[in-house]
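In what follows, a single structure is set out as structure tokens and then discussed.
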Amino acid sequence: MGVGDLTAIAASSRMRQALLTAPRTLNWTELELPQPKAGEVLVRTRAALTCGTDLKTYRRGHPKIPFGPFGHEASGDIAALGSGVDRFNVGDPVMWVQTAPCGSCAPCRDGMENLCEHLTDEMALGAYASHVLLPAKIVARNLYAKPAALRYIEAAFLEPLACIVHGWSVLQRGGRASTRAGSLAIIGAGAIGLLHVLYAKHAGMSVTVIAHGEERASLARELGADRTLPSSAGQSGNFDAVIECAGTTSSWREAVELAAPCGRVLFFSGLPADTDVSLDAGRMHYQELTCCGSFHFTPDDVRTARDLLTEGALPVKRLISAVVPLDRLADVFERLEQRNGLKYALIPEPFEPQWV
Ligand SMILES: [Zn+2]
Ligand SMILES: [Zn+2]
């Protein structure tokens, strides 16, 4: 399909959407633009971002994300409104996240909306597309106006930043927050590890990043990391807080190893279900470590992330490896497979610089 065809689609009543139909199998489909039903919103996508979760799904599928419309981090302009949506107008630039809690299940009632039993019932998947239909519950809870000063690419960071905000709320929950200089370690310098670096620096903390590879280490330093180390060797017990972002069983063990007495460990990266990890039980018990997992985000976390983006508090755009036309989605995932680049921004046709 040529550029002319794509431009025609942009102005037509049809949409174009990338489907992940099986591991490493991307197909494009063209369909009638959906008419939003009551409470729903149809968005014209202006920017979509790749994400580690997408890469995992691309490689082997995902237990909570079905094959089908692909991608979940995006921003855009409202193309059509369902009945009853009165907070927005057609044409409004917006940002959103791909889920919203139901508000009525047991975890939701207990304030654990990130663990809502119906979180994945209706998701706004299909960010790699000309348009995305947002379900009513997302419109009601997790759709925000994009401020004019915020670029579409920056606005599309709402979802990963909400995850980071949630992780920090877990890390600081009910215990002493680590603020001592030099006391925070982040294991892993992928997009998420580096987003944690930006957040920690905004919070005024001193950060050590364990980064494999000089390219990522130097990016971590450019983004404000005070120190980078190629491995955690010799750092046992040196950090009041450790955030694990590398997603391997050995990095989970390292995180426990690095924590100081009464230290806090945040396992931010998920491992495949049923993964067994052996951790140093003596250290966890006798050093009184607090070890926590972190999953997803609540609407409050999304609002905090929106505020941070709106304030321009974090230079998130520096995490983008390249801005490319959406048509090159398959190339981009090939590159990510080769560890070539951290996070890409994909722009649907027509590729207009002012939308970047
Ligand atoms: Zn994501
Ligand atoms: Zn719920």
Side-chain angles (χ1 to χ4, degrees), residues 18 20 45 47-66 68-76 95-129 132 134-138 140-144 152-168 188 190-196 198-199 245 247 268-270 294-302 304-306 308-309 314 316-317 319-321 329 332-333 336 341-346:
L20 182 70
T45 310
L49 306 182
T50 63
C51 167
T53 303
D54 290 344
L55 183 58
K56 274 189 220 168
T57 310
Y58 178 79
R59 283 177 171 152
R60 56 175 186 259
H62 193 286
K64 292 183 185 295
I65 302 174
F70 190 38
H72 62 276
E73 297 179 7
S75 63
M95 54 217 249
W96 64 92
V97 295
Q98 80 280 24
T99 63
C102 75
S104 55
C105 70
C108 279
R109 288 198 308 274
D110 288 343
M112 300 181 290
E113 291 172 300
N114 57 310
L115 304 182
C116 171
E117 292 167 0
H118 305 287
L119 203 57
T120 57
D121 286 0
E122 273 184 294
M123 290 188 278
L125 297 179
Y128 305 130
V132 187
L134 305 182
K137 67 174 183 173
I138 292 175
R141 304 289 305 273
N142 282 336
L143 174 65
Y144 288 98
Y152 286 101
I153 288 175
E154 294 165 327
F157 273 91
L158 185 63
E159 191 266 352
L161 189 55
C163 292
I164 301 292
V165 167
H166 185 74
W168 279 76
I192 283 293
L194 294 175
L195 210 43
H196 273 295
L198 294 182
Y199 189 96
C245 302
F268 194 83
S269 296
S294 169
F295 173 69
H296 214 65
F297 43 76
T298 66
D300 281 350
D301 298 319
V302 178
T304 302
R306 188 279 310 258
L308 286 166
L309 289 171
L314 310 179
V316 290
K317 211 173 160 189
L319 298 181
I320 295 296
S321 306
L329 182 66
V332 161
F333 273 86
L336 289 168
L342 284 177
K343 193 171 184 75
Y344 288 84
L346 292 140

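Whatever order the structure lists them in is the order used to number ligands and atoms, beginning at 1. Worth saying up front: this structure is predicted, and the values here are computed from it rather than measured.
Relative orientation of the Phe333 and Phe70 rings is tilted, given thresholds of 30° and 60° on the angle between their planes.
The number of protein N, O or S atoms lying under 2.8 Å from the Zn ion (ligand 2) is 4.
To the nearest 0.5 Å, the span separating CD on Glu73 from CH2 on Trp96 amounts to 11.5 Å. To the nearest 0.5 Å, atoms CG (Leu161) and CD (Glu154) are separated by 11.5 Å.
Between Asp54 and Thr57, the side chains place no donor N or O within less than 3.5 Å of an acceptor N or O (distance only, hydrogens not considered).
When each of Thr99, Thr120, Val97 is paired with His296, the side-chain contact (heavy atoms from CB on, under 4.5 Å) condition holds for Thr99 and for no other.
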Side chains of residues 112-119: which donor-acceptor partners sit under 3.5 Å, not counting sequence neighbours?
unit_1, atom_1, unit_2, atom_2, d
Glu113, OE2, Arg141, NH1, 3.3
Glu113, OE2, Arg141, NH2, 2.8
Asn114, ND2, His166, NE2, 3.1
Asn114, ND2, Phe295, O, 3.0
His118, ND1, Asp121, OD2, 2.8

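Less than 2.8 Å away from the Zn ion (ligand 1), the protein contributes these N/O/S atoms: Cys51 SG, His72 NE2, Glu73 OE2, Glu159 OE1.
Residues forming a ring pair (Phe, Tyr, Trp, His ring centres under 6.0 Å) with Tyr344 (at least two apart in sequence, or on another chain): none.
Nearest approach of Tyr128 to Cys51, heavy atoms of both residues: OH-N, 4.3 Å.
In this structure the side chain of Val165 never reaches within 4.5 angstrom of the side chain of Phe297, judged on heavy atoms.
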